[in-house]
**Q** 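Can you read through this structure? Questions will come right after.
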Amino acid sequence: MRYILISVIALFATTAALRAETNSDPIDLSVSWDLSLDAGGQVVSLQPVPNVRADRVPQIRDQLEHAIHDWRFVPGSSNGHPSATQTRLFVDISLIPTGGDTFRIRVNHAHTGGWLAHLTPPKYPTSAITSHHEGKVIVQARYDGNGKIMTAELSESSVGIDRALVQAAIDNVRQRTYKPELVDGRGVPGAVLTPFCFTLQLVGSAPPTNKCKWSTAGKYDDLADGESFALNPAVKLETDVEGKFL
């Protein structure tokens, strides 16, 4: 009997397709940009990070970018003084159907920080497959100003997980390289939290829906398997955007 670990990402061609595919339920999306700020925290540039789902409906990003230019940011500091800063801005949104093919955009969460240069999934340990062991592993890691991982360890949020799964997640994080935020042109060390969802399923069967839910609601909920959340970003977002509609 064969098992595989998979992630399913639906592709949507138009807002009409989005609505039809989800039966008018809210559609969750994650959109990001490379963000440059001046020393006063003003947006200098927003460079879109490609996203297959969101970019099929350009109006989504257009509306978000218009709003982001009005958000208040606090840049990083160099020698105690605010300085020009480059970061990545992550925005998790929901498209709320309003009838026909129209939607309202609700911002669920927004955060800044360094980002992963390349995402490679961990290998599912043979021993865990044989034992049919599954679970969520959350790894906390720190990287230096060059993006090199310095430490990686199991987060306190993960308990009672097969040790082989834990080790596979930690080994994966240790091999990563991050793109750190730049303050006054210099890389800033950072810390990240990364969830891994290890699930087994028969080939051709539907993916599980509740194997790897976060134990508490909040800003981590929209993290996809293997993505990271910056714990101490240099840039702070002062505008309260969570739960707000554009």
Side-chain angles (χ1 to χ4, degrees), residues 1-12 27-32 34 48-56 88 90-92 109 111 113-144 146-180 190-215 219-231:
M1 186 176 295
R2 297 176 56 206
Y3 291 85
I4 58 173
L5 173 68
I6 66 172
S7 295
V8 176
I9 302 177
L11 303 182
F12 305 102
I27 302 132
D28 297 328
L29 296 172
S30 295
V31 193
S32 56
D34 289 333
V49 177
N51 180 297
V52 174
R53 296 177 70 197
D55 293 344
R56 289 181 179 261
R88 180 159 289 187
F90 305 86
V91 183
D92 298 320
H109 309 291
H111 62 278
W115 62 99
L116 187 61
H118 180 68
L119 178 62
T120 302
K123 294 181 179 180
Y124 210 119
T126 301
S127 62
I129 294 175
T130 303
S131 302
H132 294 182
H133 286 170
E134 303 174 302
K136 175 184 64 180
V137 179
I138 305 172
V139 177
Q140 183 169 329
R142 295 184 179 277
Y143 58 83
D144 63 17
N146 294 315
K148 180 181 178 181
I149 294 294
M150 305 301 293
T151 64
E153 58 188 8
L154 182 68
S155 167
E156 293 181 1
S157 301
S158 297
V159 293
I161 304 298
D162 185 320
R163 186 61 200 175
L165 298 180
V166 172
Q167 195 60 52
I170 290 176
D171 289 345
N172 180 269
V173 171
R174 284 175 175 165
Q175 296 172 12
R176 295 182 169 196
T177 299
Y178 281 81
K179 293 287 188 180
V192 293
L193 206 62
T194 304
F196 293 90
C197 181
F198 291 93
T199 58
L200 292 165
Q201 63 186 86
L202 289 172
V203 175
S205 63
T209 59
N210 59 357
K211 290 286 186 180
C212 294
K213 294 294 185 182
W214 290 87
S215 58
K219 56 192 174 185
Y220 304 135
D221 288 346
D222 294 315
L223 278 182
D225 182 30
E227 289 184 349
S228 297
F229 184 91
L231 295 175

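Values below: all heavy atoms of this structure, side chains included; hydrogens, waters and symmetry mates excluded.
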**Q** Between atom CD of Gln167 and atom CG of Asp162, what is the distance when rounded to the nearest 0.5 Å?
**A** 11.0 Å
**Q** Do Arg176 and Leu119 touch side chain to side chain, with heavy atoms closer than 4.5 Å?
**A** yes
**Q** Leu165 versus Tyr124: any side-chain heavy-atom pair under 4.5 Å?
**A**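 Touching, per the 4.5 Å side-chain cut-off.
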**Q** Checking Asp34 now: which residues fulfil side-chain hydrogen bond (donor to acceptor under 3.5 Å, both in side chains) with it, not counting sequence neighbours?
**A**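 Partners of Asp34 by the side-chain hydrogen bond (donor to acceptor under 3.5 Å, both in side chains) criterion, ordered by chain and then number, come out as Arg88.
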**Q** Return the minimal non-hydrogen interatomic distance between Ala168 and Pro122, and the atom names on each side.
**A**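 Shortest heavy-atom separation between Ala168 and Pro122 comes out as O-CB, 3.8 Å.
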**Q** Could you grab the distance from atom CD1 of Ile161 to atom CD of Glu134, nearest 0.5 Å is fine?
**A**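 Taking CD1 in Ile161 and CD in Glu134, the distance rounds to 10.5 Å.
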**Q** Could you tell me which non-hydrogen atom of Ala152 sits nearest to which non-hydrogen atom of Val173, and how far apart they are?
**A** CB-CG1, 4.0 Å
**Q** Working note: His133 + Leu200, criterion side chain to side chain contact (heavy atoms under 4.5 Å, CB included); need CA distance, chi angles, decisive distance, verdict.
**A** CA-CA 8 Å; His133 286 170; Leu200 292 165; over 6 Å; no
**Q** In the structure I gave you, are the side-chain heavy atoms of Trp115 and Ser32 within less than 4.5 Å of one another anywhere?
**A** no
**Q** Between Asp55 (side chain only) and Asn51 (backbone N and O only), is there a donor and an acceptor less than 3.5 Å apart?
**A**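 Yes.
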**Q** For the pair Asp92 (side chain) and Asp28 (backbone), establish whether a donor and an acceptor sit closer than 3.5 Å, ignoring hydrogens and angles.
**A**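 Such a contact is absent between Asp92 side chain and Asp28 backbone.
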**Q** When rounded to the nearest 0.5 angstrom, what is the spacing between CZ in Phe229 and CD1 in Ile138?
**A**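 The distance works out to 12.5 Å.
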**Q** Among residues at least two apart in sequence or on other chains, which ones pass side-chain hydrogen bond (donor to acceptor under 3.5 Å, both in side chains) with Asp144?
**A**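 In terms of side-chain hydrogen bond (donor to acceptor under 3.5 Å, both in side chains), with neighbours along the sequence ignored, Asp144 is linked to no residue.
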**Q** Nearest 0.5 Å please: distance from the NZ atom of Lys148 over to the OG1 atom of Thr177.
**A**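 The distance works out to 9.5 Å.
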**Q** Of all the heavy-atom pairs spanning Phe90 and Gly113, show the shortest one and how long it is.
**A** CE1-O, 4.1 Å
**Q** Could you tell me the separation between the CD atom of Glu153 and the CZ atom of Arg174, rounded to the nearest 0.5 Å?
**A** 9.5 Å
**Q** Are Pro180 and Asn146 side-chain neighbours, meaning at least one heavy-atom pair lies under 4.5 Å?
**A** no
**Q** Heavy atoms only: give me the nearest Val192-Ala230 pair and the separation to one decimal.
**A**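 Where Val192 meets Ala230 most closely, the heavy atoms are CG1-CA, 4.2 Å.
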**Q** Can you tell me how far apart CG (Leu116) and OG1 (Thr194) are? Round to the nearest 0.5 Å.
**A** 7.5 Å
